[in-house]
Number of protein chains: 2
Amino acid sequence: MANIKDIARMAGVSVATVSRVLNEHPYVSEEKRAAVLEVVRSLNYSPNINAVHLIKGKTNMIGVIIPYINLPYFNSIMEGIAEEALKANVHLLVSQTNYAVNKENELLNMLKTKQIDGLLICSRSLDWKSIEAYAQYGPIIACEDAKNDKISSVYIDHYAGFRQAMQLLLDKGHRSIGYCLGRGHSYNSTNRRRAYEDALASMNLPIREDCMFYQCYSIEDGAAVVRQLMDMPLRPTALLVAGDQVAAGLIGEAIKCGLRVPEDLAVISFDNHPISRLFDITTIDNRLTEIGRTAFSLLLERLQNQEEPVRHIELPFRLIERATV
Amino acid sequence: MANIKDIARMAGVSVATVSRVLNEHPYVSEEKRAAVLEVVRSLNYSPNINAVHLIKGKTNMIGVIIPYINLPYFNSIMEGIAEEALKANVHLLVSQTNYAVNKENELLNMLKTKQIDGLLICSRSLDWKSIEAYAQYGPIIACEDAKNDKISSVYIDHYAGFRQAMQLLLDKGHRSIGYCLGRGHSYNSTNRRRAYEDALASMNLPIREDCMFYQCYSIEDGAAVVRQLMDMPLRPTALLVAGDQVAAGLIGEAIKCGLRVPEDLAVISFDNHPISRLFDITTIDNRLTEIGRTAFSLLLERLQNQEEPVRHIELPFRLIERATV
DNA sequence: ATGAAAGCGCTAACAT
DNA sequence: ATGTTAGCGCTTTCAT
């Protein structure tokens, strides 16, 4: 394959001039520029990017640790990241980890070996202690509350969100409230469960394990919850549902089963995806896309200025009242 | 960050020795090896991979163009690829394209700039003409029938598969047969549709557009087809369903709707995923994982030996008769 | 405006 | 067994 020397020789210029043309630097005469471009075109030449990476000391590529690209929650974050990356002309190395630590370590190691310039973490299995050891090799930004002095973060206060949703339900008179979550033991889920229990405790209400549903991700999962509900002697009158898709499936199935929403079953969901508008679901907008956008911007700042301090940005959520409460 | 020179100096050896230790070459004394390893450990050193890539002229990384990682069809292919890549110690740069050409071009360009050593294509939007132009930069292997003299391929004859399934249904006496596919205009879908029409024509049976369903990917989609079926005055008595998930959803819903399978509705599906065994579905094993495995092996061969010729391997499918016909 | 040359961090051929 | 050294292909000073 041709290299920059070949191009220089064939165009009758020096390699420096070829490089200038390729990188759109000023101070190149029109004739030489044209000559170089012509040779480049005729040979269908592209620079060896590995040489560029080596000399520049960076790859213009950042890694993204994301458990499941297709889950709406992460998909929304990814949307914000991709949007900003496109603007900044930064390439994304997206690794769908399925929460496997070896996948996470792989990207961490790529940061160390300079294959990527920085790392965005949407959600992870590794603890922050293991991750922060890599912060010396390049900026790492989390899309969840990291509480770490080496790793910047952008997040929503899920405790407060859940708490506010609970309050709304309690104010409406509900005394038997359940919830649907995804993973039971993630950082976010733990906070949400705490908010749930604290809200109940504040009213001296009992905690009922049979009203807590986990592994809820899809429309189907939501429908399945309703089928379980139908068999319960003491059905909860309201449900907090993490994820509009789950809520939609749940409401659809509830109606099929003859339940009235919100009279027989009130629902508050989270994320404010388009589907929640379609079903007129009361939801808490977690501003996921903005989290992604902001996280990327934070990373870019640190890339451009090493001295940029670690920051923790909490984005305010927003309750959107619609017809399911 | 420390480089190999620093390590050499601190360990009191030459850079060559450090390189030998790092790459586990023979002919290094135990003392020097230990000294080097100790410095490497204490400095937490990793080689700059871009320099390695540059001098070696390769990255040990291959790209994978895959439209949707989470679709069972592609997931199975990916499984085979990942399995072999792990064995060969080759890294995968998996790009979920959603069939967007710019994503496909991105990987093609990475091949050209030597960021990846080769490319595996599970399914694509770009035509082979555009793709083959990049074959000069590194091996490209397709997991579908490529009919191209620059690009090797591993594939199943979907025409024959559909044709055989149709014949089984016709032999059983069915005269009103429909099908469920994903994308309507992909190469595979076109072949399947042709097989479907040819089979019908061979019996002088009419082609009914209302029995052809598209955009079928999930359990939910299958269930939705049944709901449409229920409203039809002239319901087909049998269905060819591309994808066991769709078939499972379809059968589940059919039973709910009071249809007997196979008496009222016969089903043949494709891929032989675990779920088809669960539902006892008659299916055609498309050996997707083996396609992935074989495609990777083909790529590896071409990587190790430039002279390896372009090959086209057709894997035989296998009809698995169970209870839905 | 242009070119010569140094050097990014590494591997491997060659010499000893 | 170990070291010296010539590149890999590019960007970027520094001269001119």
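Every chain is numbered from 1, with letters handed out A, B, ... down the list of sequences.
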Could you pull out every donor-acceptor pair under 3.5 Å between side chains of residues 120-128 of chain B and any protein atom, sequence neighbours left out?
residue: S123(B); atom: OG; partner: Y99(B); partner atom: OH; Å: 2.7
residue: R124(B); atom: NE; partner: E144(B); partner atom: OE2; Å: 3.0
residue: S125(B); atom: OG; partner: Y99(B); partner atom: O; Å: 2.7
residue: D127(B); atom: OD1; partner: K129(B); partner atom: N; Å: 3.3
residue: D127(B); atom: OD1; partner: S130(B); partner atom: N; Å: 3.0
residue: D127(B); atom: OD1; partner: S130(B); partner atom: OG; Å: 2.9
residue: D127(B); atom: OD2; partner: S130(B); partner atom: OG; Å: 3.4

Does D149(B) offer a backbone N or O that forms a donor-acceptor pair with the side chain of H312(B) under 3.5 Å?
->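 Checking the backbone N and O of D149(B) against the side chain of H312(B), no donor-acceptor pair under 3.5 Å is found.
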Is a donor on one side and an acceptor on the other found under 3.5 Å between the side chain of Y217(A) and the backbone of R183(A)?
-> yes
Integer-rounded Å distance: dT11(C) C1' and I7(B) CD1 | 16 Å
Roughly how many Å is it from CG in N50(B) to C1' in dT11(C), rounded to a whole number?
-> 15 Å
Let me check something: any side-chain donor-acceptor pairs from residues 83-93 of chain A under 3.5 Å, sequence neighbours excluded? List them with distances.
residue: E83(A); atom: OE2; partner: R293(A); partner atom: NH1; Å: 3.0
residue: E84(A); atom: OE2; partner: K87(A); partner atom: NZ; Å: 3.0

Side chain to side chain donor-acceptor pair (under 3.5 Å) contacts touching residues 55-68 of chain A (sequence neighbours left out) = T59(A)-D117(A)
For residues 101-110 of chain B, pull every pair meeting side chain to side chain donor-acceptor pair (under 3.5 Å), keeping only residues two or more places apart or in separate chains.
-> none
N50(B) and N50(A): side-chain donor and acceptor closer than 3.5 Å?
->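 Judged by distance alone, the side chains do not pair up.
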In terms of side-chain heavy atoms, does D145(A) have a donor or acceptor partner in Y187(A) at a distance below 3.5 Å?
-> yes
Starting from the first five and the last five pairs of the helix from dA1(C)-dT16(D) to dT16(C)-dA1(D), work out the angle between the resulting helix axes, to 10 degrees.
-> 40°
Could you run through nucleotides 7-16 of chain D and give me one letter per nucleotide, 5' to 3': B if any protein heavy atom sits under 4.0 Å from the base, S if only the sugar-phosphate is that close, - if neither?
-> BBBBBBB---
